[in-house]
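Keep in mind the model is a prediction, meaning the values are calculated, not measured. Scope of the values below: all heavy atoms of this structure, side chains included, with no hydrogens, waters or symmetry mates.
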Amino acid sequence: MTKTVIIGSNHAGISAANTLLDKFDDQEVVLIEKTNHISYLSCGTALWVGRQIEEYEGLFYTDQAEFEAKGAKLHMSTSVTSVDYANKTVHCVSEDGKEWDENYDKLVLATGSLPISPKVPGHDLKNIQFMKKFHEGQMIDQLLDQEDVKNVAVIGAGYIGVEIAEAAKRRGKNVLLFDAVDRSLSNYYDKWFTDDMDKNLADNGLELHLGELVEEYRGTDKVEAVVTAKGVYEVDVVINAIGFRPNSSLAGDHLETFVNGAYLVDRHQQTSDKDVYAVGDCATVFSNALQDTAYIALASNAVRTGIVAGENIGGNKIESPGVQGSNGITIFDFHMVSTGYSVQSAPRFGLDVKYTDIEDTQKPAFMKDNDKVKTRIVYDAKTRRIVGAQMSSTTSEIGMAIHMFSLAIAKQVTVDELALLDLFFLPHYNQPFNYINKAAAAAE
């Protein structure tokens with residue numbers, strides 16, 4: 001029997017455990033989880049807080065009993081404080097103070113990420129909340145229930161910040177959205193797209209303070225104001241959604257790490273220690289757009305990396321096919337999706353790119369319920385291979401279209417090949433020569 005210890009039981013750890021338990025008979029699996037629950041879909045927190053779904057229970061897709069029925073051993077409410085890589089043991093401390101060492105043959109680090117917490121003056125005031133874990137979502141939900149909470153400041157206009165800002169607005173609060181960058185979602189989309197999202201946010205009543213860096217929180221016991229170089233704003237609650245960093249503190253001086261501190265892994269999810277694997281937000285990935293190692297923290301990547309680690313530990317030597325960083329967001333029924341790199345982000349990663357744009361209707365002009373779709377294809381200036389795509393529309397059908405662009409990046413399809421790609425036509429779905437073909441055909 002091979003004893004595999006998995007530290008962390010969210011998407012990546014769960015996927016690794018399921019792979020080992022479901023596919024291999026010679027595996028002893030021990031899961032160690034810091035909290036008292038497993039498998040929380042944190043991406044659904046804003047839907048629950050915003051009452052777009054009624055209950056949070058569905059955000060937990062498995063439980064302790066299910067894994068124990070498969071033969072796994074779980075240590076809940078237990079922290080791993082250190083790893084002795086030479087002797088292959090992890091030091092555990094339970095919530096009630098019990099300490100012990102758990103030995104392993106193989107170790108999977110699925111420790112996820114931690115919220116970035118700027119230490120500006122007043123950061124320790126009450127009613128300043130982070131937005132990641134289940135209990136943090138509970139705290140935000142309880143605060144929004146309070147009648148005296150009128151003004152909510154959200155710090156960070158990335159995916160999580162924009163989503164929780166929408167949720168707070170749906171709960172009837174006055175929402176102020178801050179970001180040091182002068183537009184929302186700038187890590188994923190170019191200005192042509194984010195201008196539309198910013199208008200969407202403003203049209204739905206959010207007070208935008210983009211291009212304003214928060215310098216201070218003021219208050220006596222609780223937060224009472226947010227301070228930037230442009231003004232002082234009265235608030236009752238602050239939700240910090242600036243971003244995340246990999247939780248890789250267990251690396252010590254033993255494991256190699258990436259430039260941002262993430263565990264550096266190969267395409268088997270193996271670290272610099274052959275018996276230690278790292279998966280999910282704490283580890284690197286291989287970017288097919290970049291054709292190199294990168295850090296792309298997404299739930300979808302966490303699931304896949306967990307599966308790859310499990311297969312390799314079990315004896316199936318498979319490589320990760322790489323990722324594209326495909327993602328999407330829906331805010332007040334406006335949809336945006338992207339994959340790969342944007343025109344703005346590409347140079348930061350050494351990519352010399354060009355792009356082609358089109359804005360067209362989804363279907364022929366004679367059809368009703370005909371949404372406009374914006375499409376941008378980003379491609380390498382020399383090789384012409386596709387390295388990114390962005391789309392926006394009021395139709396959710398673009399969610400499937402971006403999957404095609406994701407595959408195109410993975411398979412190194414050129415923009416010229418896409419121009420004449422066989423895409424079927426039916427008026428209910430699209431045009432005879434639709435926006436994807438048209439955009440590719442218009443490339444320089």
Listed partners of D416 passing salt bridge (charged side-chain N to carboxylate O under 4.0 Å, His left out), at least two apart: R384
Main-chain N/O of Q269 paired to N312 side chain as donor or acceptor, under 3.5 Å: no
Basic-acidic side-chain contact under 4.0 Å: D141, R171: yes
Centroid-centroid distance, F424 to Y429, less than 6.0 Å: yes
Check: Y189 side chain, M336 main-chain N or O, donor-acceptor pair, under 3.5 Å: yes
More than 12 heavy atoms from other groups under 6.0 Å of CD on E444: no
Smallest separation among heavy atoms of I296 and S287, with atom names: CD1-CB, 4.4 Å
Min side-chain heavy-atom separation L59-I53 under 4.5 Å: yes
salt_bridge(K191, D198) N-O dist < 4.0 Å: no
Pair K106 + D275, salt bridge at N-O below 4.0 Å: yes
For T62, side-chain hydrogen bond (donor to acceptor under 3.5 Å, both in side chains) partners two or more places apart: E66
S186: side-chain contact (heavy atoms from CB on, under 4.5 Å) partners, not counting sequence neighbours: V181, R183
E28 and K73: CA distance, side-chain angles, deciding distance, salt bridge (Lys or Arg N to Asp or Glu O under 4.0 Å) verdict: CA-CA 8 Å; E28 178 186 355; K73 183 177 181 180; over 6 Å; no
Contact check, side chains of F193 and S184, non-hydrogen atoms, under 4.5 Å: no
Minimal non-hydrogen separation, I14 against S9, with atom names: CG1-O, 3.4 Å
Heavy atoms of other groups near D124 CG, more than 12 under 6.0 Å: yes
Validation row: D371, T361 side chains within 4.5 angstrom (heavy atoms): no
Partner residues of N260 under the side-chain hydrogen bond (donor to acceptor under 3.5 Å, both in side chains) criterion, sequence neighbours left out: none
Residue pairs involving residues 237-278 (criterion ring pair (Phe, Tyr, Trp, His ring centres under 6.0 Å); sequence neighbours excluded): Y85-H254
Whether Y341 side chain and V353 backbone form a donor-acceptor pair below 3.5 Å: no
Heavy atoms from other residues, nucleotides or ligands near CG of D333 exceed 12 (cutoff 6.0 Å): no
Worked check of salt bridge (Lys or Arg N to Asp or Glu O under 4.0 Å) between D357 and R376: CA-CA 4 Å; D357 293 338; R376 169 168 290 179; 2.6 Å; yes
Under 3.5 Å donor-acceptor, D179 side chain and A157 backbone: yes
H75 and E102, any side-chain heavy atoms less than 4.5 Å apart: yes
Ring centre gap for F134 and H37 strictly below 6.0 Å: yes
Flag, side chain of T305 to backbone of G280, donor-acceptor distance under 3.5 Å: yes
Atom of N36, atom of M76 and distance for their closest heavy-atom approach: C-CE, 3.5 Å
Pair E212 + K230: basic N to acidic O under 4.0 Å: no
Any donor-acceptor N/O pair, Q390 side chain to D190 backbone, under 3.5 Å: yes
Sidechain-backbone polar pair: E311 side chain, I318 backbone, donor-acceptor under 3.5 Å: no
Whether Q27 side chain and F24 backbone form a donor-acceptor pair below 3.5 Å: no
K274 atom NZ: more than 12 heavy-atom contacts under 6.0 Å: no
Within-4.5 Å side-chain heavy-atom neighbours: F286 and E319: no
Results of salt bridge (charged side-chain N to carboxylate O under 4.0 Å, His left out) for D22 - residues two or more places apart only: K70
Under 3.5 Å donor-acceptor, T356 side chain and A439 backbone: yes
4.5 Å side-chain heavy-atom contact, D360 and V373: no
Under 3.5 Å: donor-acceptor pair, side chain of T19, backbone of S15: yes
Atom of V279, atom of A12 and distance for their closest heavy-atom approach: CG2-CB, 3.5 Å
Side chain to side chain, K374 and W192, heavy atoms closer than 4.5 Å: yes
Note, Y104 side chain near T4 side chain (heavy atom, < 4.5 Å): no
Minimum-distance pair of heavy atoms, taken over all atoms of G322 and N288: C-ND2, 3.3 Å
